Amino acid sequence: GSEAVGEQGQEEEAEDRLKEHMDNLLDKSAKTRQVALQSLRLAFSSRTLSEFLLERRLMLTDSLEKCLKKGKGEEQALAGTVLTLLCLQMGSGPEGEEVFRSLKPLLISVLTDSTASPGARQSCATALGMCCYIAAADLE
């Protein structure tokens with residue numbers, strides 16, 4: 001009984017931390033955004049969070065879009081990685097397709113921008129390929 005209560009408390013605490021990291025993606029400080037992206041990358045790659053992310057995917061997609069548009073170098077690279085992991089979490093259903101469709105033009109934009117850092121371009125290329133493989137409904 002008490003183990004289940006302890007697990008429930010840990011789960012809620014973890015979700016609160018994730019919400020905080022998602023909020024930090026909109027911070028004015030690039031360093032704060034990068035730390036939040038690193039934390040989300042770790043969380044998304046270590047646990048299945050599809051239920052938690054399902055209701056927050058639009059807010060998270062908007063935040064990642066801002067990081068890709070306004071960020072530089074490392075921030076863009078991290079945002080691409082987090083986007084890839086978000087697509088993996090959402091899967092091949094309509095939710096994953098929606099995330100991919102909304103960010104595809106921006107990924108292509110960063111990828112083809114010769115002034116973007118090589119790390120950002122590589123991360124966006126990986127995100128584009130993985131998300132296309134996982135979530136694109138259109139075969140082309």
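These numbers come from a predicted model, not from an experiment.
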In residues 77-88, what donor-acceptor pairs under 3.5 Å come from side-chain atoms, sequence neighbours left out?
| residue | atom | partner | partner atom | Å |
| --- | --- | --- | --- | --- |
| Thr81 | OG1 | Ala77 | O | 3.1 |
| Thr81 | OG1 | Ser123 | OG | 3.4 |
| Thr84 | OG1 | Gly80 | O | 3.0 |

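Every residue two or more places apart in sequence or in another chain was checked for a salt bridge (Lys or Arg N to Asp or Glu O under 4.0 Å) with Glu12, and none qualifies. Under the side-chain contact (heavy atoms from CB on, under 4.5 Å) criterion, Thr32 pairs with Asn24, Asp27, Ser29, not counting sequence neighbours. With sequence neighbours excluded, no residue forms a salt bridge (Lys or Arg N to Asp or Glu O under 4.0 Å) with Glu15. Considering only residues two or more places apart in sequence or on other chains, Gln122 meets the side-chain hydrogen bond (donor to acceptor under 3.5 Å, both in side chains) condition with Thr126. Listed by chain and residue number, nothing satisfies the salt bridge (Lys or Arg N to Asp or Glu O under 4.0 Å) test with Glu74 (two or more places apart in sequence, or in another chain). The side-chain hydrogen bond (donor to acceptor under 3.5 Å, both in side chains) test applied to Gln34 returns no partner, not counting sequence neighbours. With sequence neighbours excluded, the residues forming a side-chain contact (heavy atoms from CB on, under 4.5 Å) with Asp113 are Thr115, Ala116, listed by chain and number. Contacts of Lys69 classified as side-chain contact (heavy atoms from CB on, under 4.5 Å), with partners at least two apart in sequence or in another chain: Glu65, Leu106. Applying the side-chain hydrogen bond (donor to acceptor under 3.5 Å, both in side chains) test to Arg56 and every residue at least two apart in sequence or in another chain returns nothing. Listed by chain and residue number, Glu98 satisfy the side-chain contact (heavy atoms from CB on, under 4.5 Å) test with Leu58 (two or more places apart in sequence, or in another chain).
Met130 and Leu42 are members of different hydrophobic clusters when ILVMFWY side chains are connected at heavy-atom separations under 4.5 Å. Residues Leu49 and Leu40 are members of one and the same hydrophobic cluster, defined by side-chain heavy-atom contacts under 4.5 angstrom among Ile, Leu, Val, Met, Phe, Trp and Tyr.
With a 4.5 Å cut-off on side-chain heavy atoms, Asp62 and Leu26 do not count as touching. Two residues are said to be in side-chain contact when any heavy atoms from C-beta on lie closer than 4.5 Å; Leu128 and Lys104 meet this criterion. With contacts defined as side-chain heavy-atom distances shorter than 4.5 Å, the pair Leu54/Gln89 does not qualify. With a 4.5 Å cut-off on side-chain heavy atoms, Cys131 and Val99 do not count as touching. A heavy-atom distance below 4.5 Å is not found between the side chains of Phe100 and Glu95.
Heavy atoms only, all atoms of each residue included: Gly73 and Ala120 are closest at O-CB, 3.7 Å. The heavy-atom pair separating Ser102 from Pro105 by the smallest distance is O-CD, 4.0 Å.
For the atom pair Ser117 OG and Gln76 CD, the distance stands at 6.5 Å (nearest 0.5 Å). For the atom pair Lys28 NZ and Arg33 CZ, the distance stands at 10.5 Å (nearest 0.5 Å). To the nearest 0.5 Å, atom OG1 of residue Thr61 and atom NZ of residue Lys66 are 11.0 Å apart. Taking CE of Met59 as the reference point, atom CG of Leu64 lies at 10.0 Å (rounded to 0.5 Å). Met90 contributes atom CE, which lies 11.5 Å from atom CD1 of Ile134 (distance to the nearest 0.5 angstrom).
Applying the side chain to side chain donor-acceptor pair (under 3.5 Å) test to every pair with at least one member in residues 35-53, sequence neighbours left out, gives these pairs: Glu11-Arg47.
More than 12 heavy-atom neighbours from other residues, nucleotides or ligands sit within 6.0 angstrom of CE on Met22.
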